[in-house]
Amino acid sequence: AQKITQTQPGMFVQEKEAVTLDCTYDTSDPSYGLFWYKQPSSGEMIFLIYQGSYDQQNATEGRYSLNFQKARKSANLVISASQLGDSAMYFCAMREERRDDKIIFGKGTRLHILP
Amino acid sequence: GAVVSQHPSWVICKSGTSVKIECRSLDFQATTMFWYRQFPKQSLMLMATSNEGSKATYEQGVEKDKFLINHASLTLSTLTVTSAHPEDSSFYICSAPVVPGQGSDTEAFFGQGTRLTVV
């Protein structure tokens, strides 16, 4: 069974609009962390935001925020005021403490920002 | 901040030859390094975990003799693709999971990745 599910293979969004990228996860480990990474065509992995399983508040980093719904096992990424440079592949990932902190990735969402 | 430096960024090799990819942790010591492979338009798949001073652990389905991993020091982990074939062509990327001293609530640091093409 997939541990990280990203149901949107691709999205097209108009510039300056907000966009939500979906991510659900599956774990029985009480201690885990959730990440979002951006991967442009160059291949580098750019860290965007992190949410710990014990964090009470949703994480925010500039234009990025993580909508953490623990009971639903959901960790959606919200990008406000999208920019052309946001066009890239976005990966949701999870780290589980009892799996030696290995980070596993979802299949990703290709985001296209339209001018 | 902590950086993982990966080299080479790209390599083209002939079928049957071996290729070594290096990942160095700069300004911090990495006791563990994760190695991933990414085929075009696919996700990152964890291949193996290298551990300083001990044998690497491989994920199910990954050939140990094909992908040799060595973690010789606290700042260097290497992946050697032995007897490479065209189907090994992929993007390989390393990651240090946590930065010692910064706790577990932090990002994982990735190398820049290596694009391997076997012809």
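Throughout, a chain's letter reflects where its sequence line sits, starting with A, and its residues are numbered from 1. In this text, all values refer to a predicted model and were calculated from it rather than measured experimentally.
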Are [X] and [Y] linked, directly or through other ILVMFWY residues, by side chains that come within less than 4.5 angstrom of each other?
{"X": "Val62(B)", "Y": "Tyr92(B)", "value": "yes"}
{"X": "Ile4(A)", "Y": "Tyr64(A)", "value": "yes"}
{"X": "Met33(B)", "Y": "Leu68(B)", "value": "no"}
{"X": "Leu34(A)", "Y": "Val78(A)", "value": "no"}

Please report the shortest heavy-atom distance between [X] and [Y], naming the atom on each side.
{"X": "Gly43(A)", "Y": "Arg115(B)", "answer": "CA-NH2, 4.3 Å"}
{"X": "Met45(A)", "Y": "Phe110(B)", "answer": "CB-CG, 3.8 Å"}
{"X": "Ile103(A)", "Y": "Ala108(B)", "answer": "CD1-CB, 3.2 Å"}

Can you tell me if [X] has over 12 outside heavy atoms packed within less than 6.0 Å of its [atom1]?
{"X": "Lys16(A)", "atom1": "NZ", "result": "no"}
{"X": "Gln56(A)", "atom1": "CD", "result": "no"}
{"X": "Lys73(A)", "atom1": "NZ", "result": "yes"}
{"X": "Gln57(A)", "atom1": "CD", "result": "no"}

What part of [X] gets within 4.5 angstrom of chain B, counting heavy atoms only: side chain, backbone, both, or neither?
{"X": "Ser31(A)", "result": "neither"}
{"X": "Gln39(A)", "result": "side chain"}
{"X": "Ser41(A)", "result": "backbone"}

key: Spacing of NZ belonging to Lys41(B) relative to NZ belonging to Lys107(A), to within rounding of 0.5 Å   = 15.5 Å
Interatomic distance, Ser9(B) atom OG to Glu44(A) atom CD [nearest 0.5 angstrom] = 12.0 Å
inquiry  = Report which part of Leu44(B) has an atom under 4.5 Å of a heavy atom belonging to chain A: side chain, backbone, both, or neither.
reply    = both
inquiry  = Report which part of Gln38(B) has an atom under 4.5 Å of a heavy atom belonging to chain A: side chain, backbone, both, or neither.
reply    = side chain
note = Most contact-rich option vs chain A, by heavy-atom pairs under 4.5 angstrom, among Glu59(B), Gln6(B), Met45(B), is Glu59(B)
query = Most heavy-atom pairs under 4.5 angstrom with chain B, which of Gly108(A), Gly33(A), Gly106(A)?
reply = Gly106(A)
